[in-house]
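Throughout, a chain's letter reflects where its sequence line sits, starting with A, and its residues are numbered from 1. Model, not experiment: these values are computed from the prediction.
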Protein chains: 2
Amino acid sequence: MADDSSIPPGHEVLAAVLQIRAGELHVLLWQRALPPDAGRWALPGGRLRDDEDVETSVRRQLAAKVDLADVAHVEQLAVFSAPDRVPGGRVLATAFLGLVQSDVNPHLPEDTAWHPLADLPPTAFDHDAIVARARDRLRAKLSYTNLGFALAPAEFTISGLRELYTAALGHPISATNLQRVLTRRGLLVPTGRRVTPGPSGGRPGATFRFADRNLHVTDAFAVLRPPHPPSGGRPPVVP
Amino acid sequence: MADDSSIPPGHEVLAAVLQIRAGELHVLLWQRALPPDAGRWALPGGRLRDDEDVETSVRRQLAAKVDLADVAHVEQLAVFSAPDRVPGGRVLATAFLGLVQSDVNPHLPEDTAWHPLADLPPTAFDHDAIVARARDRLRAKLSYTNLGFALAPAEFTISGLRELYTAALGHPISATNLQRVLTRRGLLVPTGRRVTPGPSGGRPGATFRFADRNLHVTDAFAVLRPPHPPSGGRPPVVP
DNA sequence: GCAGTTTTCGCCTTACAATCGAAAACATGG
DNA sequence: CCATGTTTTCGATTGTAAGGCGAAAACTGC
C-alpha cells in the first residue's frame, strides 16, 4: 500500500496531567518562550524518538517537567491530526491523560505551573481541546473504574474523597452513597485509623485506602450521577 | 521542545472493519501479494497524506476495498507505535474500528475477504492485536451505547437482533431482556410491521428500528451481562 | 381442528443506587 | 463538667433497572 508519496509528518506526544488542587481540577502547563505561539501555555511533551513507543516517550518527556514517581496514572487518549494543527510543518500528536494524587506537590521548573481548568490562560495550538478531552475521559472513568486511586492520597476520609470526586466530576455527590458504592465494588479498604477533627470539632473521620492502585473496570457499569432532586430515598418526614 | 533529532516516522491508518456474517463476527482483510509479509492477511489502510487528518484518511483508504456507504460507523481506537512493529523503517499506525450492517454484502476486490475472528488466517505485522482491540471496543460499547444500529439492518425482529448481539458479545443474552433494556433506553422504535414466519411456523415477529443512527452513550451505564446461573427472576415452579 | 414452533407479554426477584433522619464522636464555651 | 454545635457514620426505606421463568398469543403444517 505504499502508493502515496508524501513527506512523513512529524510526531509528538502530549500529556494533559490533571490534579485536584484546592478543590478544583488543574492541569500542568508550561509557558512557551519561543515562537510559534510564544507566551502561550502548552502541554508537556515533545518529539517521538525512533527507538521508543509513544507510552515510553510521554513518560520520558514528562520527566522533564515533573517527577515521574508523582504521576499515578498515564493512559492514551487519542491522535490529534488536523493538517494545520501547528504552523510550520505537519506534526501529529498522540495525546495522553496523566493523573497526580492530590497530596503530592511536585517541584516544577520555572516555566511550568498548575492552572485551573475553569480558568485556563491562552493555550498553544489545539492544546485546549486536548485538555477538554482529558477531563471528559477522567469523568467517565471515575464512574465505572477504580481510577479514583490516582486522584486520592494513599489514605483519606470519606468526606475528603467526596471533595475530590465532586471537584473532578463537576457536580456534588453524596458522601453516604459514595462510600457504599465504592465499598460494594470492593475498592475501599478501611485502615482502622481515624483522623483528628478540625478546630471546629466534629466526629473524627475513619480513614480508608484503595484496595488496588492499578486501573481496572468495575463489572457493574454504574454511574455516580448528579443528585436527583425528587427521586428515591426515604420520603421526607412531614411534621 | 524541538530538542530531539530523529527521522520523522511514517504514519499509516488501519481499519478493523467488523461485520456479523452467519452468526459470527468477521473482519475484512486483504491478502498481501508483496513483501514484507507476503501472503499474510492485512487490514485495509495505508499512508497518511499530508493534507488530510486521520479520520479523512481512513475513509479514503477504506473506499479502495469497500463502498464507504456500506460502513455504518467509524471511530478511532488507538495508536500502535512499537518501534519494530513493521520491518524496514518506522511506521506508526492509527487504528480504527469500522462496522458494517449485517444485511449488506459489499462487493470486494479479488484480494479481499471476510474472515471470522474465531479463526483468523496468519495476519501481517501487529494487525491481529488491532483486531482484538476492535472486538473489545465493540463489546464494551454495545453495552452502554446505541452502537447496535451499526450492526443491525434498518429493520429487524427482536430475535434477529438477539442473534447479532449474541455473536458480537460472544455470550448468549435473553431476547426478553434485550428488548426491555433497549426499549427503556429509548433506542428501539416499533415499525408496526411484522415479518412472515419461517417454514417451521411460529408467531410472526414484530419489527423494530433504531431510533437514532448516530452514536450516543446511554445515560445509564448498564451492561448486558452473560446469563447469571442462579440469580434473580421468578423462582422455578416445583411440580 | 390439532400439534408443534416461535414470539411476546406479565409477573417475579435480586441488585444497587439514592435519600433522609438519627446516632455517634468530638471540640468549644459557659 | 455539662450543654451546644459540628462533623461523621449508620440504619431504614424507596425507586429503578436488569434478569429470569412461565404462559398466552399467533402462526404453519398435517
C:dA17, D:dA17, C:dC26: which one has an atom nearest the side-chain heavy atoms of A:R194? C:dC26
Per atom distances to the B:R184 side chain, the nearest of C:dC26, D:dG20, D:dA17 is D:dA17
Just how far, in rounded Å, is P of C:dC16 from CG of A:L178? 16 Å
Rounded to whole Å, how long is the line connecting atom CZ of A:F156 with atom C1' of D:dT9? 16 Å
Are B:F80 and B:F125, when compared by the centres of their aromatic rings, separated by less than 6.0 Å? no
Rounded to whole Å, how long is the line connecting atom CZ of B:R162 with atom P of D:dG19? 14 Å
Should the pair A:H115 and A:W41 be assigned to parallel (<30°), tilted (30 to 60°) or perpendicular (>60°) ring geometry? perpendicular
Given C:dA25, D:dA25, D:dG20, which nucleotide is nearest the side-chain atoms of B:R203? D:dA25
When the distance from CZ of B:R180 to C1' of C:dC12 is rounded to whole Å, what number comes out? 11 Å
Of the nucleotides C:dA25, D:dG20, D:dC10, which has the atom closest to the A:T176 side chain? D:dC10
Could you tell me how far apart B:Y165 (OH) and D:dA18 (P) are, to the nearest whole angstrom? 12 Å
When you measure from the side-chain N and O atoms of A:S159 to the phosphate of D:dT7, is any distance below 4.0 Å, counting only OP1 and OP2? no
Need to verify one output field. Residue with the more 5' nearest nucleotide on DNA chain C, B:T207 or A:P197? B:T207
Does the side chain of B:Q19 reach to within under 4.5 Å of the side chain of B:L28, using non-hydrogen atoms? no
Nearest-Å distance, CG (B:L187) to P (D:dA18)? 10 Å
Interatomic distance where CG belongs to A:L169 and P belongs to C:dA18 [whole Å]: 11 Å
B:G201 or A:P204: which one's nearest nucleotide on DNA chain D is closer to the 5' end? A:P204
Name the orientation class of the two ring planes belonging to A:F210 and A:F156 (parallel below 30°, tilted from 30 to 60°, perpendicular beyond 60°). tilted
Would you indicate which nucleotide in C:dA17, D:dG20, D:dC27 comes nearest to any side-chain atom of A:N177? C:dA17
B:R185 side chain, from C-beta outward: closest of D:dA18, C:dA17, C:dA27: D:dA18
Has the side chain of A:H26 got a donor or acceptor atom that lies under 3.5 Å from a matching backbone atom of A:E24? yes
Whole-Å distance separating the CD atom of B:Q179 from the P atom of D:dG20: 16 Å
Is B:A206 touching bases, backbone alone, or none of the nucleic acid, heavy atoms closer than 4.0 Å? sugar-phosphate
